[in-house]
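Down below is the structure, laid out as structure tokens.
Hydrogens, waters and symmetry mates play no part in the numbers below; they use all other heavy atoms, side chains included.
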Amino acid sequence: VQLQASGGGLVQAGGSLRLSCKASGIMFSLNTMDWYRQTPGKQRELVASIRSSGEQNYVDTVKGRFTISRDNVRRTTYLQMNNLKPEDTAIYYCHVFLHRDYWGQGTQVTVSS
């Protein structure tokens, strides 16, 4: 299983970024895909999930600003992040659980005030 994340960067508060995570080695369409984030000294936090059905879930702090989606043909999960805030600054990881946890390599998102 491999998860290849991309799309992070530096953006001003109020700006937008879109993260992508391309998966290989799994039956992508059957799996729940997640985005987590982590800042130094804190535990990794679940930000958003999307089930195989398309059902989405979000942590309260990003509701209304972030949208998770998936393209089963491209085997890719996206995280559209709008109205970014400095507190969204973190390393973002895509994740899938298939008998164990699999993580992408992480992509840095930095939001300046």
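Side chains of Tyr92 and Arg37: a donor-acceptor N/O pair is present below 3.5 angstrom, by distance only.
Residues Met81 and Tyr78 do not share a hydrophobic cluster, defined by chaining ILVMFWY side chains whose heavy atoms lie under 4.5 Å apart. Hydrophobic clustering, with ILVMFWY side chains joined whenever heavy atoms are under 4.5 angstrom apart, groups Tyr58 together with Leu84. In the hydrophobic clustering of this structure, Val62 groups with Ile50; members are Ile, Leu, Val, Met, Phe, Trp, Tyr whose side-chain heavy atoms approach within less than 4.5 Å, directly or through other members. Tyr102 and Val47 fall within the same hydrophobic cluster, defined by Ile, Leu, Val, Met, Phe, Trp and Tyr side-chain heavy atoms under 4.5 Å apart, directly or through other members.
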Go through it in stages, so that I can follow the logic: the residues are Leu46 and His95, the test is side-chain contact (heavy atoms from CB on, under 4.5 Å), and I'd like the CA-CA distance, side-chain angles, deciding distance and then a yes or no.
CA-CA 10 Å; Leu46 178 60; His95 168 269; over 6 Å; no
Using the rule given for side-chain contact (heavy atoms from CB on, under 4.5 Å), can you reason through Thr110 versus Val11, listing the C-alpha separation, both sets of side-chain angles and the distance that settles it, and then say yes or no?
CA-CA 6 Å; Thr110 302; Val11 65; over 6 Å; no
Step by step, would you call Leu19 with Val109 a side-chain contact (heavy atoms from CB on, under 4.5 Å)?
CA-CA 9 Å; Leu19 306 183; Val109 171; 4.1 Å; yes
Apply side-chain hydrogen bond (donor to acceptor under 3.5 Å, both in side chains) to residues Asp34 and Ser49 and explain how you reach the verdict.
CA-CA 4 Å; Asp34 313 301; Ser49 295; 2.6 Å; yes
Please report the C-alpha distance between Gln105 and Gln4 in whole Å, then the side-chain angles of each, then the deciding distance to 0.1 Å, and finally whether the side-chain contact (heavy atoms from CB on, under 4.5 Å) criterion is met.
CA-CA 7 Å; Gln105 82 280 18; Gln4 183 67 40; 3.1 Å; yes
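In this structure, Trp103 has its ring center closer than 6.0 angstrom to the ring center of Tyr36.
The CD1 atom of Ile68 sits 11.5 Å away from atom CD of Glu55, with the distance rounded to the nearest 0.5 Å. Separation of atoms CD (Gln56) and CZ (Arg70) is listed at 10.5 Å; rounding is to 0.5 Å. Interatomic distance, CG of Asn82 versus CZ of Phe66, reported as 8.5 Å (0.5 Å rounding). One distance of note links CD of Gln80 with OG of Ser69; it measures 8.0 Å at 0.5 Å rounding. In this structure, CD in Glu87 is found 8.5 Å from OG1 in Thr89, a value given to the nearest 0.5 Å.
Using a cut-off of 4.0 Å between Lys/Arg side-chain N and Asp/Glu carboxylate O, Asp88 and Lys85 are scored as not salt-bridged.
Taking both residues in full, the closest heavy atoms of Thr39 and Ala90 are given as CG2-CB, 3.7 Å, listed atom of the first, atom of the second, then distance. Shortest non-hydrogen contact noted between Gly104 and Tyr93 is O-CD2, 3.6 Å. Met33 and Leu3 make their closest contact through CE-CD2, 4.0 Å (heavy atoms, listed as atom of the first residue, atom of the second, distance). When all heavy atoms are compared, the tightest approach of Ala48 to Leu79 is CB-CD1, 4.1 Å. Taking both residues in full, the closest heavy atoms of Arg74 and Thr76 are given as O-OG1, 2.9 Å, listed atom of the first, atom of the second, then distance. Between Ser29 and Ser52, the shortest heavy-atom contact is O-CB, 3.1 Å.
In this structure, Arg100 forms no cation-pi arrangement with Phe97, as its terminal cationic atom is not both closer than 6.0 Å to the ring centre and no more than 45° off the ring axis.
Atom CD of Gln2 is surrounded by 12 or fewer heavy atoms from other residues, nucleotides or ligands within 6.0 Å.
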